[in-house]
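Here is the structure we will look at.
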2 protein chains.
Amino acid sequence: MAILGFLRDFPLHGYDLKNRVASLAGHVRPVADGTLYPTIRKLEDAQCLTRRTAPGSVAAPRHMLEITQTGTDQLRRWLRDPEPGFITDDNKWYVLLAFLHHLENPREQALVLARRREFLDKPAQLFFDEHGAPIPPERLESPFRKGLMQIHRSTNLTEIDWLDRETAELNRRAGFTVQQRSGG
Amino acid sequence: MAILGFLRDFPLHGYDLKNRVASLAGHVRPVADGTLYPTIRKLEDAQCLTRRTAPGSVAAPRHMLEITQTGTDQLRRWLRDPEPGFITDDNKWYVLLAFLHHLENPREQALVLARRREFLDKPAQLFFDEHGAPIPPERLESPFRKGLMQIHRSTNLTEIDWLDRETAELNRRAGFTVQQRSGG
DNA sequence: TCAAGATATATCGCCCCCGAGGTAAAGAAC
DNA sequence: GTTCTTTACCTCGGGGGCGATATATCTTGA
């Protein structure tokens, strides 16, 4: 998804893609060659992208990759009906978020709301005692566990805040569009 | 690591461990049965834990798992000299953090500092233009990418802040210990 | 009494991903 | 000129995690 997502912006070669994917994921280990190149090959076989060999600007020749119409459709399908993991798993969600603007408003909003629901369903309980009862941060003895819960809580609040503001913004814009349509 | 870490607190059975591991990771997909039980078996083979069958309090019989001395040593070794991924990868780091209090102070501090260094080495640049130049948030057209960078930045600041405060605290406590020793 | 559902444990094969290793070209260093 | 480093691409084997599936037990309710 990230490969096609980046190629929607402009053509790129594999090596560049590798760096962009690595940066996107924050400070997670970059994607391995053994993952990237076979995936590019698979996308090419599925006619999601085309390649043409260009002389390397610095060193070895590059394969410039361009997304096709099939690829654009595939990307949109992945974004539109993502696997559940892309809503629940933080890193996957962030990747999806990076390319979400390729969808139209109602669907964007639905996915943002789906992500928002995650935070309602699963309260941030990290630690439990022998009996399965949740331990609040102030009763934790380890300062690291305390910190972990603080970080977790703060991170969640930050994202929840953004999700709510974005939902409102999308709503406003949707209302405006309807207004325009019904007015025109 | 999480299995032995939780068993250091008190004996548990597999099903309970599964839920605790899932909760610890935040709202990430819970660990699969096909991962958990073979791992328990491997730890048992390595004499890191013992099991005794107990009648199920609610349903089927449980295998109560207890950590051994070998297991405690193994846990300490994993915490003390963790694979690099446990510093760089957010989720792995959080797991390590949950059990870090089983180490003694100088090593705790070293690992916290190692994590802190991650944020210095890799500035939070998520998106780049055709020429490889980083795009600042205000020049991003997608509100989702803007949000992504905001969330990323805020999350990083939260953790950096905690890491710095914790480093100071560990330092203070280490100094106090030295003070006590040289005074005694 | 029997079915359904929650609890609890276990195994197996598939797939995916990673690390390691290899190739190649261009520029820099010496 | 030869070697080193960086850029750039590719493949293969192994390992590990996951989903699917099976099994057993106890409670609940029709």
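Scope of the values below: all heavy atoms of this structure, side chains included, with no hydrogens, waters or symmetry mates. First the proteins, then the strands, lettered A, B, ... as listed; each starts at 1.
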Run the side-chain donor-acceptor check on residues 46-53 of chain A: report pairs under 3.5 Å with partners two or more places apart or on a different chain.
from, atom 1, to, atom 2, distance (Å)
A:Arg51, NE, A:Glu44, OE1, 3.1
A:Arg51, NE, A:Glu44, OE2, 3.2
A:Arg51, NH1, A:His63, ND1, 2.7
A:Arg51, NH2, A:Glu44, OE1, 2.9

Pair listing, salt bridge (Lys or Arg N to Asp or Glu O under 4.0 Å) test, anchored in residues 138-152 of chain B, at least two apart: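 Every pair satisfying salt bridge (Lys or Arg N to Asp or Glu O under 4.0 Å) with a residue in residues 138-152 of chain B: A:Asp9-B:Arg145.
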Kindly write out the residues that satisfy ring pair (Phe, Tyr, Trp, His ring centres under 6.0 Å) with B:Phe6, not counting sequence neighbours, or none if the list is empty.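 Testing B:Phe6 for ring pair (Phe, Tyr, Trp, His ring centres under 6.0 Å), a comparison that skips the adjacent residues, returns B:Phe99.
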How close or far is atom [atom2] of [N] from atom [atom1] of [X], stated in whole angstroms?
| X | N | atom1 | atom2 | answer |
| --- | --- | --- | --- | --- |
| A:Leu36 | D:dT7 | CG | C1' | 14 Å |
| B:Leu43 | C:dT9 | CG | P | 15 Å |
| B:Lys42 | C:dA10 | NZ | P | 15 Å |
| A:Met1 | C:dC17 | CE | P | 13 Å |
| A:Asn19 | D:dT6 | CG | C1' | 12 Å |
| B:Arg52 | C:dA8 | CZ | C1' | 16 Å |
| B:Tyr15 | D:dT25 | OH | P | 17 Å |
| A:Lys18 | C:dG19 | NZ | P | 11 Å |

Check ion pair B:Arg41-B:Asp45 (N to O, under 4.0 angstrom):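 Between B:Asp45 and B:Arg41 there is no salt bridge, as every charged N stays at least 4.0 Å from the carboxylate O atoms.
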Side chain of A:Arg62 only, please: which of D:dT25, D:dC9, C:dA8 is the nearest?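 In terms of side-chain proximity for A:Arg62, the closest of D:dT25, D:dC9, C:dA8 is D:dC9.
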Got a sec, which residues hit side-chain hydrogen bond (donor to acceptor under 3.5 Å, both in side chains) with A:Thr68, two or more places apart in sequence or on another chain?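 Here no residue qualifies.
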Residues that A:Tyr94 engages under side-chain hydrogen bond (donor to acceptor under 3.5 Å, both in side chains), provided they are two or more places apart: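 Here the qualifying residues are A:Glu159.
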Short heteroatom pairs, N/O only, protein and nucleotides 10-13 of chain D, under 3.5 Å:
from, atom 1, to, atom 2, distance (Å)
D:dC10, OP1, A:Arg41, NH2, 3.3
D:dC10, OP1, A:Arg51, NH1, 2.9
D:dC10, OP1, A:His63, ND1, 3.2
D:dC10, N4, A:Asp33, OD2, 3.1

